[in-house]
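No experiment lies behind these values; they were computed from the predicted model shown. A, B, ... follow the sequence lines: proteins, then strands. Residue 1 opens every chain.
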Protein chains: 2
Amino acid sequence: MMSRTSLPDVSQQVDEFVLKCRQEGLKVTPQRIAVFRSLAESDKHPSAEEIHSRIVEEMPTVSLDTVYRTLTTLLEHGVIRRVESLPNVGRFDSNVDHHHHFVCTACNSIQDFYWPDFDALKPPAEIAKMGTIQQPYVEFRGLCRACKDLAEG
Amino acid sequence: MMSRTSLPDVSQQVDEFVLKCRQEGLKVTPQRIAVFRSLAESDKHPSAEEIHSRIVEEMPTVSLDTVYRTLTTLLEHGVIRRVESLPNVGRFDSNVDHHHHFVCTACNSIQDFYWPDFDALKPPAEIAKMGTIQQPYVEFRGLCRACKDLAEG
DNA sequence: GTATCTGCAAATCTTTTGCTCATCA
DNA sequence: TGATGAGCAAAAGATTTGCAGATAC
């Protein structure tokens, strides 16, 4: 897999996006293209609000709720991704020890685990350019036992 | 570090909590104890709402905003932790390739990176009991270059 | 032509805040 | 007693939804 430190070819990404939409039975509208292009042009992992304020400049009538709806639709079709794994509700933990999480993508349950082999691993060299690590954290996303059993029926 | 697969001793944790509050100059109130105890008793990483509905049973006048305020205070003093690293605003990514993130805890910027050495690592055995992994994901939390330079003046 | 999408407005949900009274140290 | 915290109510911020008109295929 190619690293994306170099500028991605946005128009090519948009072309692929259009194809993917057709494949998925999604209508290709100017709003959807604008939302996707804005996301593809940015390396800042923007919020819905930020995407909206960026695209209103060229498309003044686009509404924020269309941006939200578009993002949700594209997420559901796997065209884009959300950085957070959990829905927007704060979740808290009285365990302040260094530990990691297994997050169930179906029921949003969270289980703690420890992983000394990971803790011993040396971060990749390119990280030094990004900043100073305070906490290395692993999240395994998947189906928990209960949800898997349910799914397999 | 001890694994917490066995039931933690909640009253001992509450005792430590009381000491920690005194150390930090925080008043020890019944509401704060109730919030902390509820969190310590749970292994479900509950939300503010869930903590509240749990403690109103024994303390009917406690308000939800007190729970929020208490959680915020305890977070600020490092007594508890929030599972998510980012504030409650959805952040999106057009890069659906397998990759990891460096998240700045000061400015919330996010940088992508790739890490084949991690991808090659075998998950700990205890994970099998938890469920089926779909995506292993690493998040390095720390200060990005810009924020670090700012902090160092 | 028709199912799907957009824009608008309003609603919902989560979290924060100002104020006043109560309480812990 | 004096600073800090709690409760109430209202506000703020993020996201979702119902509906009527518009548009992609």
Side-chain angles (χ1 to χ4, degrees), chain A residues 14 17-39 45-56 58-77 79-80 82-92 108, chain B residues 14 17-39 45-56 58-77 79-80 82-92 108:
Chain A
V14 172
F17 167 70
V18 170
L19 288 178
K20 176 99 182 188
C21 281
R22 299 233 162 92
Q23 270 173 35
E24 299 276 331
L26 294 174
K27 294 196 175 167
V28 178
T29 65
Q31 291 90 337
R32 287 183 172 171
I33 292 183
V35 167
F36 180 83
R37 153 165 275 130
S38 166
L39 204 48
H45 306 75
S47 65
E49 193 83 50
E50 286 161 347
I51 293 171
H52 179 251
S53 52
R54 193 112 166 277
I55 66 186
V56 276
E58 54 203 45
M59 192 184 271
T61 64
V62 73
S63 66
L64 178 57
D65 44 288
T66 292
V67 174
Y68 273 110
R69 252 187 284 228
T70 302
L71 290 170
T72 304
T73 303
L74 299 186
L75 280 173
E76 285 165 358
H77 290 265
V79 179
I80 64 173
R82 228 188 115 111
V83 175
E84 314 83 8
S85 45
L86 292 160
N88 272 352
V89 188
R91 299 279 295 269
F92 302 90
N108 295 312
Chain B
V14 172
F17 167 70
V18 171
L19 288 178
K20 176 100 184 189
C21 282
R22 298 231 161 93
Q23 271 173 35
E24 299 276 330
L26 294 174
K27 294 195 173 168
V28 178
T29 65
Q31 291 90 337
R32 287 182 172 173
I33 292 184
V35 168
F36 180 84
R37 153 164 276 132
S38 165
L39 204 46
H45 308 74
S47 65
E49 193 83 51
E50 286 162 346
I51 293 172
H52 179 249
S53 52
R54 192 113 167 275
I55 65 186
V56 277
E58 54 202 46
M59 190 183 272
T61 65
V62 74
S63 66
L64 178 57
D65 43 287
T66 293
V67 174
Y68 273 109
R69 252 188 282 232
T70 301
L71 290 170
T72 305
T73 303
L74 300 185
L75 280 173
E76 285 166 359
H77 290 265
V79 179
I80 63 172
R82 227 187 117 112
V83 175
E84 312 82 9
S85 44
L86 291 160
N88 273 349
V89 188
R91 299 278 296 270
F92 303 88
N108 295 313

Just by protein heavy atoms under 4.0 Å, how would nucleotides 20-25 of chain C read 5' to 3' in B, S and -?
----BS
Rounding to an integer number of Å, can you tell me how far [X] [atom1] sits from [N] [atom2]?
| X | N | atom1 | atom2 | answer |
| --- | --- | --- | --- | --- |
| A:L64 | C:dT6 | CG | P | 14 Å |
| A:N88 | C:dC13 | CG | C1' | 10 Å |
| A:E24 | C:dT4 | CD | P | 14 Å |
| A:E84 | C:dT14 | CD | P | 16 Å |
| A:M59 | C:dC5 | CE | P | 16 Å |

Within residues 45-52 of chain B, those residues having any heavy atom closer than 4.0 Å to DNA chain C are B:E49
Qualifying residues under side chain to side chain donor-acceptor pair (under 3.5 Å), relative to A:S63, sequence neighbours excluded
A:D65, A:T66
For DNA chain C, produce a single dot-bracket line, 5' to 3'. Pairs: Watson-Crick or G-U wobble, both distances under 3.5 Å. Symbols: ( ) within strand, [ ] crossing, | other strand, . unpaired.
|||||||||||||||||||||||||
Check nucleotides 9-12 of chain C for protein N or O atoms closer than 3.5 Å to its own N or O atoms and list the pairs.
none

Looking across every strand, which nucleic acid part, if any, lies under 4.0 Å from B:G25 by heavy atom: base, sugar-phosphate, or nothing?
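Counting heavy atoms under 4.0 Å across all strands, no contact is made by B:G25.
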For B:T73, report the nucleic acid contact type (base, sugar-phosphate, nothing); a contact means any heavy atom under 4.0 Å.
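Here B:T73 touches no strand at all.
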Any donor-acceptor N/O pair, [X] side chain to [Y] backbone, under 3.5 Å:
| X | Y | answer |
| --- | --- | --- |
| B:R32 | B:K27 | yes |
| A:R91 | B:H45 | yes |
| A:S38 | A:A34 | no |
| B:H52 | B:V62 | yes |
| A:T73 | A:R69 | yes |

If I compare all heavy atoms of B:F92 with all of A:L39, which pair ends up nearest, and what's the gap?
O-CD1, 3.6 Å
Please report the closest heavy-atom contact between B:A48 and B:L64, naming both atoms and the distance.
O-CD1, 4.0 Å
Decide side-chain contact (heavy atoms from CB on, under 4.5 Å) for B:L86 and A:E84; before the verdict, give the C-alpha distance in whole Å, the side-chain angles of both, and the deciding distance to 0.1 Å.
CA-CA 8 Å; B:L86 291 160; A:E84 314 83 8; 3.8 Å; yes
Respond yes when some side-chain nitrogen or oxygen of A:T61 is under 4.0 Å from OP1 or OP2 of C:dG7, and no when none is.
yes
Going 5' to 3' along DNA chain D, between which two nucleotides do contacts with chain A fall, using a heavy-atom cut-off of 4.0 Å?
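It runs D:dA14 to D:dC25.
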